[in-house]
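In the text below, chain A, chain B and the rest are named by the order of the sequence lines, each starting its count at 1. Computed from heavy atoms alone, side chains included, the values below leave out hydrogens, waters and symmetry copies.
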Amino acid sequence: MEDGESSTNNLSRPWESYNTVFTNAKAGMEGVDKEKVQRIVYEMSKGSKYFQNEERKEALMKQKIEHMRDRCAKLSSSDLSNYQKVVDRRILELEATRDLSRIWLHVDMDAFYAAVETLSNPSLKDKPMAVGGLSMISTANYEARKFGVRAAMPGFIARKLCPDLIFVPVDFTKYTHYSDLTRKVFKNYDPHFIAGSLDEAYLDITEVCRERGLSGGEIAEELRSSVYSETGLTCSAGVAANRLLAKVCSDINKPNGQYVLQNDRATVLTFISSLPIRKIGGIGKVTEHILKDALGIKTCEEMVLKGSLLYALFTQSSADFFLSVGLGLGKTDTPQVRSRKSISSERTFAATEDERLLYSKLAEIAEMLSLDMKKEGITARTLTLKLKTASFEIRSRAVSLQRYTCSSEDILKHATKMLKAELPVSIRLIGLRMSQFNEEIRHSDPSQETITKFIVQKDSSRQNLDDSDSIDLDASKIDGESLNLSFGSHETSYAQQKDVVEYEEESRIDADKVIPNQECENKEEKPRVLEGDALLIKHTDCKPDTSHSMNDNSNTQNTKAVSVFPQMEPLFWIDGYRCNLCGIELPPSFVEERQEHSDFHLAQRLQNEESGSSSSTRPAPKRRILGKEKANSKPKKQKPDQKEGSKHIPIHTFFTRSNQNS
DNA sequence: GGGTCTATCTTTG
DNA sequence: TTCCACAAAGATAGACCC
């Protein structure tokens with residue numbers, strides 16, 4: 001954003017006020033002619049829908065800043081002195097948590113994807129190269145960065161900045177392989193290291209330093225050289241008392257360098273005092289502008305100096321975060337394993353209003369998402385539809401389902417309903433996300449606690465199995481489509497989808513009157529889950545459908561039907577590698593994966609049954625769908641699985657206190 | 001009034 | 001010629017429900 005003196009410049013040099021993410025300094029871009037880059041980016045973007053949307057967002061941000069300035073101006077001196085008391089108290093409390101006993105190391109691979117690509121094709125060395133395509137690039141090597149090309153920049157702009165830029169397509173298999181190699185090295189220094197992403201990690205090297213009598217810097221040197229000899233790739237490192245500082249440090253001598261910040265309070269405070277706020281992980285473009293333009297905070301030190309303003313204008317958690325940053329505090333513990341909270345899939349395409357096309361895209365994405373969920377053995381009950389309109393406006397619509405599911409049919413059915421409500425509109429992106437996972441299934445990770453145990457421990461009051469609502473048990477259907485998992489073959493026809501919507505709408509009122517657990521009642525005749533040992537019987541004699549039992553002898557041992565549920569549709573591997581229940585493909589050699597997969601189907605049935613019965617006592621509300629209609633006898637809902645996740649929160653977004661002084 | 005759900009925004013790699 | 005991704009997470013506010 002402008003610095004205040006640029007209102008006149010805006011007329012002659014309009015690009016100066018066009019803020020992109022690319023204006024932020026990045027390693028390897030020190031000598032770049034920033035004005036030239038900014039001008040080119042502006043010229044390339046000007047007038048586009050994207051640009052217009054950026055302007056809209058910019059205007060909103062300015063409004064926010066103005067609003068905050070107003071509130072700031074209205075604060076009386078007694079208000080401020082009261083807030084200052086709060087700050088003083090919080091400083092004492094935060095100081096009490098300062099832990100200088102740990103040594104954290106943050107490793108960050110240098111231009112990781114680009115470096116890997118150069119390893120496999122050395123002719124790319126010394127040439128400007130970007131990994132990605134014309135719509136977006138993932139990373140650029142240091143040669144390309146000299147031209148202002150960088151990650152998250154559209155390829156067509158990058159090419160304008162650097163006409164000789166070589167584009168290399170993304171290849172995650174390769175990056176994962178190299179990432180695994182680096183992680184083997186990391187493990188030698190901290191078996192519980194935290195992998196931030198494929199190319200970065202946090203290591204608590206306190207113990208290894210103590211055991212070997214080496215300093216953090218010496219360990220960092222050794223680790224980096226070890227990573228290089230194992231992979232041929234360079235990395236940079238930062239060593240400090242906590243993770244927040246270590247991350248900042250790893251960026252200082254990038255590439256192929258390191259920086260050590262001594263573990264003493266005075267050194268930390270000196271280091272942090274002049275540090276620009278944008279260097280802190282969690283402070284992005286928006287927060288930076290709000291803090292700078294509304295409150296005049298540019299450095300971390302100023303967060304402490306202007307603490308009373310922060311506590312007056314921001315929520316407690318945001319203000320706490322700012323203050324702790326200003327004090328150079330950060331996390332020093334090794335967190336528990338963090339599990340994912342949602343899973344999603346989204347695709348961008350040429351903007352269209354064509355309903356038929358949109359429904360078909362939606363079906364593709366539902367299929368992709370369902371497949372990913374099945375691969376991970378996840379079921380969930382909240383579905384969110386994300387749309388990006390042709391004008392880049394983002395919309396999201398969510399619905400919580402009555403039961404946990406991962407089936408593409410379920411996902412598509414509800415997603416279609418939500419999409420229909422938005423039409424007509426020109427759309428360029430559709431995304432689907434599932435959240436609110438069924439924790440019971442996740443916690444029954446076979447490697448930790450077998451599914452068998454999970455089942456045996458279950459309450460014996462269990463009623464019955466689910467129907468095929470969540471998982472398509474109709475193997476013939478899969479066969480009929482030759483198990484081609486490409487989306488075309490699974491595509492739900494436009495007419496079918498419309499039928500779903502219309503049927504749903506017709507039945508809506510009635511459905512709402514129905515007692516919540518009607519589905520479960522309909523399943524009384526379904527076979528009961530057997531308890532204990534009965535569950536362990538593996539039915540190798542269950543004959544798979546003849547149409548699937550291919551006469552390929554080499555596969556027969558892998559196509560044995562294995563059903564842990566007598567009387568239920570058995571699970572077997574068509575052609576030796578395709579699951580007859582969901583169509584997922586797992587080669588015969590994937591013994592463990594196949595076992596886990598069978599366990600997953602088993603657990604899912606249990607879970608469906610479980611959620612079916614629990615929904616009779618606590619059905620999910622259907623607010624949006626119900627509208628104002630009064631849902632009959634809706635018992636109080638409770639969400640036992642929602643609390644845990646909100647405890648350890650590394651990333652902060654900052655919103656102002658709600659309407660407090662406005 | 002407290003808990004839950006939805007919509008939106010921000011950040012990160 | 002090509003015209004701004006994708007996945008995940010957290011924070012927050014307001015609507016809604018009991």
Is it the case that C:dC3 (base atoms only) and A:Ser45 (side chain only) share a donor and an acceptor within less than 3.5 Å, ignoring hydrogens and angles?
no
Round to a whole Å and report the spacing from [atom1] of [X] to [atom2] of [N].
X        : N      : atom1 : atom2 : result
A:Asn53  : C:dA5  : CG    : P     : 11 Å
A:Ile394 : C:dA5  : CD1   : C1'   : 11 Å
A:Phe314 : C:dA11 : CZ    : C1'   : 13 Å
A:His289 : B:dT10 : NE2   : P     : 12 Å
A:Phe321 : C:dG10 : CZ    : P     : 14 Å
A:Lys160 : C:dT2  : NZ    : C1'   : 13 Å

Return no unless some side-chain N or O of [X] is found under 4.0 Å from OP1 or OP2 of [N].
X        : N      : result
A:Lys388 : C:dA5  : yes
A:Lys386 : C:dA5  : no
A:Arg159 : C:dT1  : no
A:Thr287 : B:dT11 : yes
A:Ser318 : C:dT12 : yes

Would you be so kind as to tabulate the donor-acceptor pairs closer than 3.5 Å made by side chains of residues 425-433 of chain A, with sequence neighbours excluded?
none

What is the nucleic acid contact for [X], judged by heavy atoms within less than 4.0 Å: base, sugar-phosphate only, or nothing?
X        : result
A:Leu429 : sugar-phosphate
A:Ile343 : sugar-phosphate
A:Ser135 : sugar-phosphate

A:Glu364 and A:Arg347 ion-paired at < 4.0 Å:
no
Between A:Glu288 and A:Lys298 (salt bridge meaning N to carboxylate O under 4.0 Å), is one present in this structure?
no
Contacts of A:Arg159 that satisfy salt bridge (Lys or Arg N to Asp or Glu O under 4.0 Å) - sequence neighbours left out
none
Is the ring centre of A:Phe314 less than 6.0 Å from the ring centre of A:Phe322?
yes
